[in-house]
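To start, the structure under review is shown below, and the notes come after it.
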Amino acid sequence: MEQRKILPFYMTYPLPLYYEDEHELIKDMEYLQGQHSVEIRTLQKEVAQMINLMDYNGSMIYDEYPDRFLMQKQGKDMADKIRKKYKEEVESPVFKILDWDGFEEIIMLLLQEEVLKRRHRKNRGYLRF
């Protein structure tokens, strides 16, 4: 007669809440990004719209190790496009920070945050198995 081995619950589902931690991390990150100033939130929306064009299967944003120089080039291109768009709009909140020396670094940070969010929101991140 064949006996069935009964496995305890913890062995059949070893990591039941594994993904919950990552979802909480993304939610916290989005909450903290919502507390940015009006200027930065406007830039965030612009960067998100530009990344939508890069969001497809096989895109470099989903590489395990995205190329640093290509990311920097994308950030500079985004900064140039945003400068051109808002240069004439004097009443725009972004107009104040367009000529600031750290403008491109802000765009790079926003680009990296958005890439991180998208990599893990779509189950393509390297932290999920």
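At a threshold of 4.0 Å, the pair K87-D99 counts as salt-bridged, since one of the basic side-chain nitrogens sits closer than that to a carboxylate oxygen. Note on K73 versus D77: salt bridge recorded, some NZ/NE/NH1/NH2 to OD/OE distance being below 4.0 Å. Under 4.0 Å is where a charged nitrogen must lie from a carboxylate oxygen, and between R41 and E46 no such pair does. Between K117 and E114 there is a salt bridge, with a side-chain nitrogen of the basic residue lying less than 4.0 Å from a carboxylate oxygen of the acidic one.
Residues R83 and D80 form a side-chain contact, since some pair of their non-hydrogen atoms from C-beta on lies under 4.5 Å apart. Taking the side chain as every heavy atom from C-beta outward, L70 and M60 approach each other to under 4.5 Å.
By the salt bridge (Lys or Arg N to Asp or Glu O under 4.0 Å) test, E105 pairs with no residue at all, sequence neighbours left out.
Nearest heavy-atom pair, G75 versus L111, reported as atom, atom and distance to 0.1 Å: N-CD2, 3.8 Å. Residue D63 comes nearest to R119 through the heavy atom pair O-NH1, 2.6 Å, listed as atom of the first residue, atom of the second, then distance.
Between Q33 atom CD and E113 atom CD the span is 4.5 Å, to the nearest 0.5 Å. To the nearest 0.5 Å, atoms CD (E39) and CG (L98) are separated by 10.5 Å. Taken from OG1 in T42 to NE2 in H36, the straight-line distance is 12.0 Å, to the nearest 0.5 Å.
Tracing side-chain contacts under 4.5 Å through hydrophobic residues (I, L, V, M, F, W, Y), one never reaches L109 starting from M71; they form parts of separate clusters. Using a 4.5 Å cut-off between side-chain heavy atoms of Ile, Leu, Val, Met, Phe, Trp and Tyr, with links allowed through other members, V115 and L53 fall into different hydrophobic clusters. Hydrophobic clustering, with ILVMFWY side chains joined whenever heavy atoms are under 4.5 angstrom apart, groups I40 together with W100.
Here the rule is side-chain contact (heavy atoms from CB on, under 4.5 Å) with M78, and of L43, I51, L110 only I51 fits it.
Under the 3.5 Å distance criterion, with hydrogens and angles disregarded, a donor-acceptor pair is assigned to the side chains of D55 and Y62.
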May I have the step-by-step check of side-chain contact (heavy atoms from CB on, under 4.5 Å) for M108 and E104, ending in yes or no?
CA-CA 6 Å; M108 273 304 298; E104 287 183 8; 5.8 Å; no
